[in-house]
Amino acid sequence: MPEGPSILILKELVQPFVGKKIIEVKGNSKIDLQRLKNQEIIEFKTWGKQFLICFKNLTVRIHLLMFGSYRINESKDVVPRLGLKFKKGELNFYNCSVRFIEEDLDTVYDWSADVLNPLWNAKKAEAKLKDKKNMLACDALLDQDIFAGVGNIIKNEVLYRVKIHPESIVSKIPIRQLRLLIKEAVVYSFEFLQWKKDFVLKKHWLAYNQKTCRRDNIPFNRANLGRTHRRSFYCNKCQKIYV
DNA sequence: CCGGTTGTTCAGCG
DNA sequence: GCGCTGAACAACCG
């Protein structure tokens, strides 16, 4: 159930397995998991919501999607999609998408599109947004080619912070406001990361799952908006619509 | 027990 | 052969 910051936390938690050899592999994934047996983990990477386990000439891509979960040095009472055993410890993933990536990661991933990556490039995001003439703001933030790692919570919080209505048309948003939106997508993602680590994420939500706008003290609107009909929480008064 | 969901992929359509 | 859309998938919480 993760957005980008949660995947970054996962990466931090599994650091003890870097350099360790996999002595046993199990799981109900349809791909040939036994390829991983006796392989040594070189490093873990993330790109947006994707978790990457890097081996020599091979990478495992894990996406937890909406319902995925993991356990470190423990297991659930069901067969994992992918379970890795080490001499000391284990790593289990459930209900996730597992794929092999054979290509060089630098050719597969544009690291500058990941809001949490040090290589994040706001100018490139701005250029991509200018290309998408009729896109709605709520769809833009969820577009992983532009804002890899941003999910529905971050989307709602960012739009509320920068006072932009989710159904605003990207090309109609003044450039000053658009740059603010881009900036806030990164700022909020890092705050999300810290709050999640401190187990205080929910209490900082100002829009997501909220009933009332704190700025105007009126009820939020709640609707499934945009191309993918994802739930949006927004205030008709303080969030300006650009159409 | 039902409704709802921190997400993506792909078939099928125009 | 595109771009777009909706269905399918899945487990857990309240």
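Per chain, numbering begins at 1; letters A, B, ... match sequence-line order. Values below: every heavy atom of this structure, side chains too, minus hydrogens, waters and symmetry copies.
Taking 4.0 angstrom as the limit, A/Arg99 places none of its side-chain polar atoms (N or O) nearer than this to OP1 or OP2 of B/dT8.
Without hydrogens or angle criteria, A/Gln144 side chain to A/Gly149 main chain gives a donor-acceptor distance under 3.5 Å. The backbone N or O of A/Ile164 lies less than 3.5 Å from no partner atom in the side chain of A/Gln177, so there is not a single donor-acceptor pair. Formation of a donor-acceptor pair under 3.5 Å by the A/Asp216 side chain with backbone atoms of A/Ile218 is not found in this model.
For A/Phe67 and B/dT5, the CZ to P distance is 10 Å, given to the nearest whole Å. Protein atom NZ of A/Lys30 is 13 Å distant from nucleotide atom C1' of B/dT9, rounded to whole Å. A/Gln50 has its CD atom 10 Å from the C1' atom of B/dT8, to the nearest Å. Summarising the geometry, the separation between CG on A/Leu82 and P on C/dA10 is reported as 17 Å, rounded to the nearest angstrom. Here the P atom of nucleotide B/dT8 and the CE atom of A/Met66 are 9 Å apart, to the nearest Å.
Using a 4.0 Å cut-off between charged side-chain N and carboxylate O, A/Arg35 and A/Glu102 make a salt bridge. Under a 4.0 Å N-O distance rule, the pair A/Lys132/A/Asp139 does not qualify as a salt bridge. Look at A/Glu90 and A/Arg71 and you find no salt bridge, because none of the NZ, NE, NH1 or NH2 atoms lies under 4.0 Å from a carboxylate O.
A heavy-atom distance below 4.0 Å to DNA chain C is reached by these residues of residues 224-233 of chain A, ordered by number: A/Arg227, A/His229. Contacts between residues 146-160 of chain A and DNA chain B, counted as heavy-atom distances below 4.0 Å, involve A/Gly151, A/Asn152, A/Ile153.
Judged by the 6.0 Å and 45° rule, A/Lys76 forms a cation-pi pair with A/Tyr94. Cation-pi geometry between A/Arg161 and A/Tyr188 is not satisfied (NZ or CZ under 6.0 Å from the ring centre, within 45° of the ring normal).
With A/Tyr160 as reference, A/Phe220 is the one residue of A/Trp205, A/Phe220, A/Phe233, A/Tyr234 to meet the ring-ring contact (aromatic ring centres under 6.0 Å, His included) rule.
Closest-nucleotide positions on DNA chain C for A/Arg81 and A/Lys202 were compared, and the one nearer the 5' end corresponds to A/Arg81.
Base-pairing analysis of DNA chain B finds the following stems of at least three consecutive Watson-Crick or G-U pairs, with both pairing distances under 3.5 Å: B:2-5 with C:11-14, B:7-14 with C:2-9.
No engagement by A/Arg222 is indicated, since no non-hydrogen atom pair under 4.0 Å with the nucleic acid exists. At a threshold of 4.0 angstrom between heavy atoms, the contacts of A/Lys76 are confined to the sugar-phosphate backbone, with no base atom among them.
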Give the intermediate values and the outcome of ring-ring contact (aromatic ring centres under 6.0 Å, His included) for residues A/Phe17 and A/Phe86.
CA-CA 8 Å; A/Phe17 296 118; A/Phe86 304 85; 4.4 Å; yes
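The hydrophobic cluster containing A/Ile22 also contains A/Phe93, counting ILVMFWY residues as joined when their side-chain heavy atoms lie under 4.5 angstrom apart, directly or transitively.
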